[in-house]
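Only heavy atoms go into these numbers, but all of them, side chains included; no hydrogens, no water, no symmetry mates. The first residue of the sequence shown is numbered 1, and numbering continues consecutively from there.
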Amino acid sequence: MESMARPSNGFLSALSADDYELIRPHLRTVDLPHGAVLVETGETLMRAYFPHRGVISLVVELAKGEHVQVAMIGRGSLLGTLAIEGDACALNTAIVLVPGAASVVDLDRLRMAADQSSALRTQLARHGLAVYAQVQQTAGCNAAHPVESRLSRCLLHTHDMSGESRLLLTQETMAQMIGARRNSVSLVANSLQQANFIHYSRGHIQITNLDGLRQTACECYAAVKAQYDRLLGPP
């Protein structure tokens, strides 16, 4: 551990002292380098990740090689909730979208702790539901809403989950995030820049107007945020 203080992760911060002590001795801190693959589809997830900083992207790969993001894990939650109660075989690939750091614990240790505390099991289940709600909303959004609204939604979610206004996101990455073609993303990013909502240059994005992005985003941004607040409490 970096210090005796709790890591700045929402899940860990919300635990009672007794529940935190069940996993504290087994936590260790790791870096989350940009683009690092934490687990691939079909592999067994061995560790749970609690980001302090950074964002983890959950991605599905289609038959023709396309990659589409279905959810993000940030500093308020964890990667590995579904593996606690069910099969640890990864249903998607987890890639570091925004670099940072995380606390990790072996899933076997986390399962043992959950077996000892109904409150910890409840917290894990609620975080799993929050991620599932995000997956559902993302699927509907990508099928029904225009590229500009989807990109604004994703930029807002990435900002909220990372706490960063400066993001390293290439056009290819943004296309993957919203299930769109790269040339469409380029046009929309230019449009958002002309509106002074972002500044975009060579894969570097500076969010300059959050309110403007919120007005451009579809209702899916607010819907996911409302579910997270309902299940996990306000950030």
Side-chain angles (χ1 to χ4, degrees), residues 8-10 13 32-35 51-59 67-77 95-101 130-131 133-235:
S8 54
N9 170 272
S13 298
L32 297 177
H34 180 260
H52 315 163
R53 306 183 310 278
V55 176
I56 299 168
S57 175
L58 304 185
V59 176
H67 292 76
V68 180
Q69 177 177 278
V70 295
M72 290 185 281
I73 306 291
R75 56 186 177 156
S77 193
I95 304 172
V96 177
L97 180 68
V98 178
V131 174
Q134 187 187 164
V135 171
Q136 283 190 310
Q137 197 74 38
T138 299
C141 183
N142 287 349
H145 292 148
V147 173
E148 185 176 55
S149 298
R150 285 146 57 190
L151 183 57
S152 296
R153 165 183 61 81
C154 268
L155 291 176
L156 288 167
H157 281 316
T158 306
H159 169 271
D160 291 350
M161 292 187 176
S162 67
E164 300 286 342
S165 292
R166 296 178 183 270
L167 304 170
L168 179 62
L169 298 173
T170 64
Q171 290 181 10
E172 182 177 355
T173 299
M174 289 189 287
Q176 174 179 296
M177 291 171 71
I178 63 174
R181 295 185 182 277
R182 183 174 172 176
N183 59 344
S184 298
V185 169
S186 177
L187 292 172
V188 167
N190 287 332
S191 175
L192 293 176
Q193 180 163 252
Q194 290 173 5
N196 294 319
F197 297 163
I198 66 171
H199 177 71
Y200 179 66
S201 177
R202 297 181 179 179
H204 292 80
I205 289 182
Q206 169 74 47
I207 297 176
T208 55
N209 188 335
L210 285 171
D211 287 338
L213 284 181
R214 291 188 187 106
Q215 292 171 14
T216 307
C218 52
E219 73 268 19
C220 296
Y221 169 69
V224 170
K225 190 175 186 304
Q227 290 286 14
Y228 268 68
D229 289 351
R230 179 182 71 84
L231 289 164
L232 309 180

Q: State whether the side chain of T208 and the backbone N or O of N196 hold a donor-acceptor pair below 3.5 Å, judged by distance alone.
A: yes
Q: So does I73 get a backbone contact from the side chain of S77, meaning a donor-acceptor N/O pair under 3.5 Å?
A: no
Q: Could you tell me the separation between the CD1 atom of I198 and the OG atom of S191, rounded to the nearest 0.5 Å?
A: 9.0 Å
Q: Among side-chain atoms of D160 and Y228, is any donor-acceptor pair under 3.5 angstrom?
A: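 The criterion, which ignores hydrogens and geometry beyond distance, is not satisfied for Y228 and D160.
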Q: Donor-acceptor pairs are to be reported for all side-chain atoms of residues 174-187 against protein atoms at under 3.5 Å, with residues two or more places apart or in another chain.
A:
none

Q: Give every residue pair that meets the salt bridge (charged side-chain N to carboxylate O under 4.0 Å, His left out) criterion with at least one member in residues 189-213, sequence neighbours excluded.
A: D211-R214
Q: Nearest 0.5 Å, what's the NE2-CG distance between H159 and L210?
A: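 Reported to 0.5 Å precision, the distance equals 4.5 Å.
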Q: Could you tell me whether a side-chain N or O of S162 sits under 3.5 Å from a main-chain N or O of R53, the two making a donor and an acceptor?
A: no
Q: The criterion is side chain to side chain contact (heavy atoms under 4.5 Å, CB included); which residues satisfy it with T170, sequence neighbours excluded?
A: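 Applying side chain to side chain contact (heavy atoms under 4.5 Å, CB included) to T170 gives E172, T173.
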Q: Write out all pairs satisfying ring pair (Phe, Tyr, Trp, His ring centres under 6.0 Å) with one or both partners inside residues 185-204, taking only residues at least two apart or from two chains.
A: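 For residues 185-204: none.
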Q: Got Q69 and T138 here, is their nearest side-chain heavy-atom distance under 4.5 Å?
A: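 Answer no - side chains too far apart.
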Q: Can you tell me how far CG of N9 sits from NE2 of H52, rounded to the nearest 0.5 angstrom?
A: 6.5 Å
Q: Would you mind listing every ring pair (Phe, Tyr, Trp, His ring centres under 6.0 Å) that reaches into residues 166-190, with sequence neighbours excluded?
A: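 Residue pairs passing ring pair (Phe, Tyr, Trp, His ring centres under 6.0 Å), neighbours aside: none found.
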Q: With sequence neighbours excluded, tell me which residues meet side-chain hydrogen bond (donor to acceptor under 3.5 Å, both in side chains) with R153.
A: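 Expected list: N142.
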